[in-house]
Amino acid sequence: MEVRLTEALQVEWKGLTGPIQFKEGKRVQFKLDLIKLKQHSIVKVGEWTPHGHLNITEPSMFFDSGSMNVTLVVITILETPYVMMHYGKNFTGNERFYGFCVDILETISHEVGFDYILDLVPDRKYGAKDPESGEWNGMVAQLMKYKADLAVGSMTITYARESVIDFTKPFMNLGISILFKVPSSEPTRLFSFMNPLAIEIWIYVLIAYFLVSFCIYVVGKLSPIEWKYIHPCDLENISIGNQFTLSDSFWFTIGTLMQQSTDIYPRAMSTRIISSIWGFFSLIIVASYTANLAAFLTTERMINPIENAEDLASQTEISYGTLDSGSTMTFFRDSMIETYKKMWRSMDNKKTTAFTSSYEDGIKRVNQGNYAYLMESTMLDYIVQRDCNLTQIGGLLDTKGYGIATPKGSPWRDKISLAILELQEKGDIQMLYDKWWKNTDETCTRRSTSKHSKANALGLESIGGVFVVLMAGIFVAAVVAFFEFWFHFRHLHKATSLKTSVNNDSIQGVMAETEWRYTPPTRCFWIEIFEELRYASWCMNKQKRPELNRVCSECKIPQRQTYI
Ligand code: CWD
C-alpha cells in the first residue's frame, strides 16, 4: 500500500473502494451509498457526500410497503356527488364518507390491496400555487409535505400540479363550461310578424321593390313593343301610349309581390324577363317568410343574453366567477387566449365577489340572477339535471381529467392507474357514474326542449342568393331591352331613309333651282337615336305622340315624317 504524507497533515492513499484522503485530520472527498434491504436484494436508494449531503435517488423505495397490510392516509374534499358526508354520532371514521369517489376508492383499495383512513383536507381547498410566494395550498400542499399518501376527489390533473405531485391515469374526463339561469321566454310583441326575416332582408326587399319598379318602367319605355296606339281605330289621331307608367310599374310589382295579379301584362321580351324574375323572387321571399313565420308562431322564443364565453367576456352587465383556488380559476389565470385573459382580468378586479369558496355558493349566486358560474362540466351536468332553473351555456372551454393524486415518486401511482384502467374497461366507472348522476329521484323533469324555439330570423346568408338572381335578371332584361330598342330603331331608320330618298328625288328637282343638293345622312343616325331615347324617357304617356319633326342640321333635310 502506498501512503503519501503531504504538508498540513494531509494523507492520501488508494483503498479498495477508491482514493482515501484526509485533510487536517478529517476525511474528505468520499461518498456513502444509502441502501435498502428488500425482500430478495439490497438496493441502492441514495447517497451521502460531505458537500451535497443526502440525495435520495429512488424515493419510491421508501413508499413501497412490500406487504399488503398497509394503511394509507387519504385526504379528500367535500364535493357532491364525489365525496359527501354523513353527520351524526352514528358515523365514525371512513363510514362518514360516501359518494362517487368514495366508491371508486373502495373498489381500488380492494383491487390494489390497501386499507385507508379517509379524512378531509384542513383548508378545504384543492390546491393552487400562490403566484407571489410560490407556496401551494390545499390537497396539493398536503401531498407535497407527505402528510397524506393519496388525495381522492374531483381533483383535476394539471401541468402545474403534475410538476410537484403525481397523478394516476384519469378516471373521468371533463371540461370547463358555463352555468347560467334558464333564459326567460320572450314576450310577444306587436310587430312579431316581422321576426321571420332579419331586418336587413326587409330593407333589401324594399330596395329591390323600388329598383325593380323603376327598372320595369325604364325597360318598358325602351321596348317598342310596350308602346301601343291609344286609339287604334282613329287613324287621324295617332297617339301612342306605354302601359308601364311610373305608378303602374309600382302597382304591377307590388301586385306580384303580394301574389296578386294585376291587369297589366308585359308584352315585350325584356319586360317579361324582369317580371318573371321578380315573380320568382317574390315566390321565394313569400315562401321563406311563411315557413319561418309558422316556426316562430309554434315555438316559444327564449331570451338568451349570452351564448358562449366570448359573449360573457364582451359585456359587463352579467358578472361571472369560478371556484376559488381550483383548477378552473388557474385555467383563466394562466391562459394565453385573449378572451380568457380578458375574463381573468374582469374576475381578478372583482376578486371578493367573483370567486366562491364552494360551488354551492356559485349555484346560489346563479339562481339569484345576473351571474354566470364557470365550472367543471361533470359537476354542471349533475346540477342541471336536478335544478331545472339552471342550464349549461355553450360547449366546453377545455378538456381535462380527474385523477387520484399521490406524492412525487409514490409507488401507489402505477398500481392505482392499472386498477383505474381495469375499472374503466370493465365499465365499473360508468356504472358508478350512472348510480350517482342518473339513478336518483332528485332529477327534475324539464319542459320539452322541442317547444323552445330553434327558429331564427332568416338572414342574408340564407336567402341572399335570391337577390343575386334578381340582379342578374334585371341586367339581362336591360340588355334585351336595349337590343329591342336598337333593332326597332334600325328598322325605323332604314324605312325613313328610304322614304326620304324617294322624297329627295322630287325635292332635288325642286331644289335644283336653288342649287341645293341633298347629301346622304352620315351622323344623322346617332342624332336620331338620341332623339328617340329622349322621347322615350321624357314622353308622358297617353299624350299624343308628336310627329317627328326632326330638323337634322347634319342631314340638311327638312323632314316631316310620321313615326309609325
Ligand atoms: N373545481 C374547480 O376548479 N371548479 C369546479 O367547478 C369544481 Cl366542481 C371543482 C376544483 C378542481 N376540480 C380542482 O381540482 O382544482
Side-chain angles (χ1 to χ4, degrees), residues 74-84 99-101 104 120-121 123-131 136-144 148 150-168 170-180 309 312 320-335 340 343-344 347-348 351 354-366 371-387 390-406 433 436-437:
V74 183
I75 46 164
T76 188
I77 186 165
L78 291 182
E79 199 84 86
T80 312
Y82 302 96
V83 181
M84 293 168 282
F100 174 71
C101 284
I104 288 189
L120 291 175
V121 59
D123 63 1
R124 294 171 180 231
K125 287 197 164 121
Y126 285 88
K129 189 179 176 181
D130 185 334
W136 284 86
N137 61 13
M139 294 199 281
V140 179
Q142 296 290 310
L143 292 174
M144 284 171 75
L150 301 177
V152 174
S154 51
M155 180 96 166
T156 311
I157 304 169
T158 66
Y159 166 75
R161 287 175 182 169
E162 190 78 68
S163 56
V164 288
I165 55 172
D166 279 346
F167 278 100
T168 61
F171 58 84
M172 213 173 190
N173 294 313
L174 62 132
I176 297 172
S177 196
I178 304 167
L179 182 76
F180 198 59
L312 261 189
Y320 45 91
T322 70
L323 185 76
D324 190 25
S325 293
S327 59
T328 312
M329 185 191 91
T330 52
F331 167 82
F332 287 97
R333 190 187 67 192
D334 305 336
S335 179
Y340 305 149
M343 289 173 81
W344 170 251
M347 289 192 269
D348 204 30
K351 231 180 213 136
F355 301 116
T356 63
S357 54
S358 69
Y359 84 91
E360 283 95 345
D361 283 353
I363 294 164
K364 211 185 282 172
R365 290 203 55 189
V366 173
Y371 182 78
Y373 195 53
L374 294 144
M375 66 185 309
E376 288 171 347
S377 56
T378 40
M379 177 61 90
L380 195 146
D381 282 347
Y382 183 82
I383 294 157
V384 297
Q385 280 171 31
R386 279 152 189 82
D387 189 343
L390 302 177
T391 186
Q392 175 176 353
I393 301 285
L396 302 184
L397 309 191
D398 65 346
T399 48
K400 49 201 174 187
Y402 288 152
I404 295 176
T406 65
Y433 178 85
W436 289 103
W437 263 257

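Atoms within each ligand, like the ligands themselves, are counted from 1 in listed order.
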Visitor: If you have a sec, work out which protein heavy atom is nearest atom 12 (N) of ligand 1 and how many Å separate them, to one decimal?
Guide: Ser154 O, 2.6 Å

Visitor: Identify the heavy atoms of Tyr320 and Met347 that sit nearest to each other, and give their distance.
Guide: O-CG, 3.7 Å

Visitor: Which part of Leu323 is near ligand 1, with near meaning a heavy atom under 4.0 Å away: side chain, backbone, both or neither?
Guide: side chain

Visitor: Going by the order shown, which atoms of ligand 1 are within less than 4.0 Å of some heavy atom of Arg161?
Guide: 13 (C), 14 (O), 15 (O)

Visitor: Yes or no on side-chain contact (heavy atoms from CB on, under 4.5 Å) for Thr356 and Lys364, after CA distance, side-chain angles and deciding distance?
Guide: CA-CA 10 Å; Thr356 63; Lys364 211 185 282 172; over 6 Å; no

Visitor: How close do Ala141 and Trp136 get, heavy atom to heavy atom, and via which atoms?
Guide: CB-O, 3.3 Å

Visitor: Give a yes or no on this: more than 12 heavy atoms of other residues, nucleotides or ligands lie within 6.0 Å of atom NZ of Lys129.
Guide: no

Visitor: Which of the numbered atoms in ligand 1 are under 4.0 angstrom from any heavy atom belonging to Gly326?
Guide: 3 (O), 15 (O)

Visitor: Could an N or O of ligand 1 be found under 3.5 Å from any N or O of Tyr126, whether backbone or side chain?
Guide: no

Visitor: Which one holds for Tyr359 and ligand 1: side chain close, backbone close, both close, or neither close, with close meaning a heavy atom under 4.0 Å?
Guide: neither

Visitor: Starting from atom 2 (C) of ligand 1, what is the nearest protein heavy atom, named by residue and atom, and what distance separates them?
Guide: Thr328 OG1, 3.1 Å

Visitor: Examine Glu79 against ligand 1 and note whether any of their N/O atoms are separated by less than 3.5 Å.
Guide: no

Visitor: Within a radius of less than 6.0 Å around CZ of Arg333, do more than 12 heavy atoms belonging to other residues, nucleotides or ligands occur?
Guide: yes

Visitor: Which is it for Met375 and ligand 1 at heavy atoms under 4.0 Å: side chain, backbone, both or neither?
Guide: both

Visitor: Extract all donor-acceptor atom pairs below 3.5 Å that involve side chains of residues 321-328 and protein atoms in other chains or at least two apart in sequence.
Guide:
residue	atom	partner	partner atom	Å
Ser327	OG	Thr156	OG1	3.0
Ser327	OG	Glu376	OE2	3.0

Visitor: Atoms of ligand 1 less than 4.0 Å from Met155 heavy atoms?
Guide: 14 (O)

Visitor: What protein heavy atom sits nearest atom 9 (C) of ligand 1, and how far away is it?
Guide: Glu376 OE1, 3.3 Å

Visitor: My understanding is that only residues two or more places apart in sequence, or in another chain, count here; which of them pass side-chain hydrogen bond (donor to acceptor under 3.5 Å, both in side chains) with Lys125?
Guide: none

Visitor: Fit a plane to each ring of Trp437 and Tyr82, take the angle between them on a 0 to 90° scale, and name the class: parallel (under 30°), tilted (30 to 60°) or perpendicular (over 60°).
Guide: perpendicular

Visitor: Work out whether the distance between some heavy atom of Tyr402 and some atom of ligand 1 is less than 4.0 Å.
Guide: yes

Visitor: Could you name the option among Gly403, Ser377, Ala405, Ser327 that has the heavy atom nearest to atom 13 (C) of ligand 1?
Guide: Ser327

Visitor: CG/Leu120 to OG1/Thr76 distance, rounded to the nearest 0.5 angstrom?
Guide: 7.0 Å

Visitor: Which option, Met139, Met329, Met379, owns the non-hydrogen atom nearest atom 8 (Cl) of ligand 1?
Guide: Met379

